[in-house]
Amino acid sequence: MDKGTNAVDVLEGRSYRLQHPWVGVVNRSQADINKSVDMIAARRKEREYFQTSPDYGHLASRMGSEYLAKLLSKQLENAIKARIPSILSLINKTMDELESEMNHLGRPIAVDAGAQLYTILELCRAFDRIFKEHLDGGRPGGERVYGVFDNQLPAALKKLPFDRHLSLQNVRKVVSEADGYQPHLIAPEQGYRRLIDGALGYFKGPAEASVDAVHFILKEIVRKSLNETQELKRFPTLQTEVAAAANEALERFREDGRKTATRLVDMESSYLTVEFFRKLPQEVEKGGNPQASAMDRYTEAHLRRIGSNVSAYVGMVCETLKNSIPKAVVYCQVREAKNSLLNHFYTQVGRKEGKQLAALLDEDPALMERREGCAKRLELYKAARDEIDAVSWARS
């Protein structure tokens, strides 16, 4: 400042009042800079100036660069303290997001064989749980199995060509061929048996179709369950192996289901219900003239009665199979899929060595890189939070 003037009115806030007090400083002059006066010496000269100045001596304790630095430091500290809760909240929120992403990406895989085997089994169990949820009703898909039994099977049974098989012309052909050179005396038993055996053979088609329909539903549920098992998506090779093992098991179950369903039909053909046919002679007696019936064994009325009797018996068997075929399919396919879909795969995996297990857990390189980046960021945020906590506790 010019000689004879001072800034006391300004520094004391009389000329212009600030939110925070004025602080006067003495900067190095150009001559000091040219003489290479260091900052320590400059600060010493500054203190001496304010302490010895007749104008500023009473303000010396609140003047100078050192006091300004302390004042600014305190202001900065207060501002930081005021923002620490929001900073910590942001850090914690970001850490939660990173933790969630890490959980989504999956944790790093252990290197020892035991831990790798455990990881594989846990991933398979996760898939198996989702598969069972589809079947039991927790997820969509299982209701389609019931649709096969409630709609598809009855519709297929209704479409069987029994009208053609039991037509008057075919009944006459089958009965006459069954008699051979010796015509039947009362009831054409061989003709009945051939007609019934031929009619029951038609049931194999709907039985096998039900087995195949449920098989394709189960395969579709396997596909959906694999896509919904997020943990498996990390390991394409393991996902492929699990899919192959599940489909292979379903093929075995289908074969068992087909054998059992067709065996039910064969059982009905191999041993007819005797009580049903014991009523037939009574109908002849009701006719009033057995001799006339024997003479008119090939009349239209007689043949129609045979066709009607066979149709009634086939209808009775149809109702039985309508109930027993679904039981066979569920027992051999659905129940086995729920209980032992991956049992064979578990046995195979248990025999594998470390390198083979590691090969199943080959991750997508992009996922690995992404997880490493998340892990590094998470560590940085944890370190920042710990530093803030340490400072907060030290100053509180």
Side-chain angles (χ1 to χ4, degrees), residues 92 94-136 138-139 141-142 218-256 333-383 385-386:
N92 289 330
T94 306
M95 288 176 61
D96 290 340
E97 292 174 353
L98 289 172
E99 289 281 3
S100 177
E101 187 172 2
M102 289 283 288
N103 291 332
H104 177 72
L105 296 174
R107 299 296 176 177
I109 302 302
V111 294
D112 61 289
Q116 290 175 344
L117 177 60
Y118 177 80
T119 299
I120 291 173
L121 295 179
E122 282 297 302
L123 292 170
C124 292
R125 292 189 188 102
F127 157 75
D128 198 46
R129 282 194 298 272
I130 294 176
F131 178 78
K132 289 178 180 177
E133 287 174 5
H134 277 288
L135 288 178
D136 293 334
R139 298 172 186 253
L218 293 176
K219 285 186 67 175
E220 179 64 16
I221 292 177
V222 164
R223 186 189 66 79
K224 287 183 178 180
S225 300
L226 286 170
N227 289 335
E228 293 170 9
T229 308
Q230 297 297 327
E231 302 92 327
L232 269 178
K233 292 183 178 180
R234 289 177 58 191
F235 312 106
T237 300
L238 179 60
Q239 188 179 43
T240 301
E241 290 291 327
V242 171
N247 288 324
E248 182 181 344
L250 291 180
E251 289 292 341
R252 293 197 303 271
F253 302 153
R254 174 166 70 169
E255 190 60 29
D256 291 341
Q333 292 177 263
V334 180
R335 175 180 170 275
E336 286 299 309
K338 283 180 60 178
N339 295 337
S340 59
L341 182 64
L342 294 179
N343 281 7
H344 185 63
F345 180 71
Y346 292 150
T347 303
Q348 290 180 322
V349 169
R351 297 171 181 168
K352 293 183 181 294
E353 298 180 353
K355 291 183 178 180
Q356 295 171 314
L357 295 173
L360 290 175
L361 296 175
D362 60 332
E363 275 192 287
D364 184 351
L367 283 178
M368 294 176 65
E369 183 178 354
R370 185 177 168 189
R371 183 172 60 247
E372 290 177 1
C374 287
K376 290 179 180 178
R377 290 174 60 197
L378 187 60
E379 288 301 319
L380 289 174
Y381 277 110
K382 285 182 179 179
R385 184 185 63 184
D386 293 342

Student: Going through the checks in order, is the side chain to side chain contact (heavy atoms under 4.5 Å, CB included) test met by Val222 and Val242?
Tutor: CA-CA 10 Å; Val222 164; Val242 171; over 6 Å; no
Student: Looking at every heavy atom in both Leu98 and Tyr381, which two are closest together, and how far apart are they?
Tutor: CD1-CD1, 3.8 Å
Student: Quick check for you: to the nearest 0.5 Å, what is the distance between Glu231 atom CD and Asn103 atom CG?
Tutor: 10.5 Å
Student: Donor-acceptor check, side chain of Gln356 to backbone of Glu353, threshold 3.5 angstrom: yes or no?
Tutor: yes
Student: If you look at every heavy atom in Ala113 and Gly354, which pair is closest and at what distance?
Tutor: CB-CA, 4.0 Å
Student: Closest heavy-atom contact between Thr229 and Ile130?
Tutor: OG1-CD1, 3.5 Å
Student: Output the distance between atom CG (Leu361) and atom CG (Leu117), rounded to the nearest 0.5 Å.
Tutor: 9.5 Å
Student: Would you call Arg252-Asp256 a salt bridge at under 4.0 Å N-O?
Tutor: no
Student: List the atom of Phe345, the atom of Cys124, and the distance in Å for their closest heavy-atom pair.
Tutor: CE2-SG, 3.5 Å
Student: Supply the atom-to-atom distance Lys224 NZ to Lys219 NZ, rounded to the nearest 0.5 angstrom.
Tutor: 15.0 Å
Student: State the CG-CD1 distance between Leu250 and Ile221, to the nearest 0.5 angstrom.
Tutor: 9.5 Å
Student: Report the C-alpha distance between Asp362 and Leu238 in whole Å, list the side-chain angles of each, state the deciding distance to 0.1 Å, and finish with yes or no for side chain to side chain contact (heavy atoms under 4.5 Å, CB included).
Tutor: CA-CA 8 Å; Asp362 60 332; Leu238 179 60; over 6 Å; no
Student: Using a 3.5 Å distance criterion without hydrogens, assess whether the side chain of Ser100 forms a donor-acceptor pair with backbone atoms of Asp96.
Tutor: no
Student: Got a second to check how far Phe127's CZ is from Leu232's CG, nearest 0.5 Å?
Tutor: 8.0 Å
Student: With the side chain counted from C-beta on, respond yes when Lys352 and Leu360 share a heavy-atom pair under 4.5 Å apart, and no when they do not.
Tutor: yes
Student: List the atom of Leu342, the atom of Ala245, and the distance in Å for their closest heavy-atom pair.
Tutor: CD2-CB, 4.3 Å
Student: Take Glu251 and Arg254, measure what salt bridge (Lys or Arg N to Asp or Glu O under 4.0 Å) needs, and give me the verdict at the end.
Tutor: CA-CA 5 Å; Glu251 289 292 341; Arg254 174 166 70 169; 3.0 Å; yes
Student: Determine, stepwise, if the pair Lys132 / Asp128 fulfils salt bridge (Lys or Arg N to Asp or Glu O under 4.0 Å).
Tutor: CA-CA 6 Å; Lys132 289 178 180 177; Asp128 198 46; 3.4 Å; yes
Student: Looking at Lys233, Arg223, His134, which one forms a side-chain contact (heavy atoms from CB on, under 4.5 Å) with Glu228?
Tutor: His134
Student: If you count the non-hydrogen atoms of other residues, nucleotides and ligands that lie under 6.0 Å from NZ in Lys338, is the total more than 12?
Tutor: no
Student: Write down the atom of Ala246, the atom of Leu341, and the distance for their closest heavy-atom approach.
Tutor: O-CD1, 3.7 Å
Student: Is the count of non-hydrogen atoms from other residues, nucleotides or ligands lying under 6.0 Å from Tyr346 atom OH greater than 12?
Tutor: yes
Student: Decide if atom CD of Glu369 counts as having more than 12 heavy atoms of other residues, nucleotides or ligands within a radius under 6.0 Å.
Tutor: no
Student: Rounded at 0.5 Å granularity, tell me how far CZ in Arg129 sits from CZ in Arg139.
Tutor: 10.5 Å
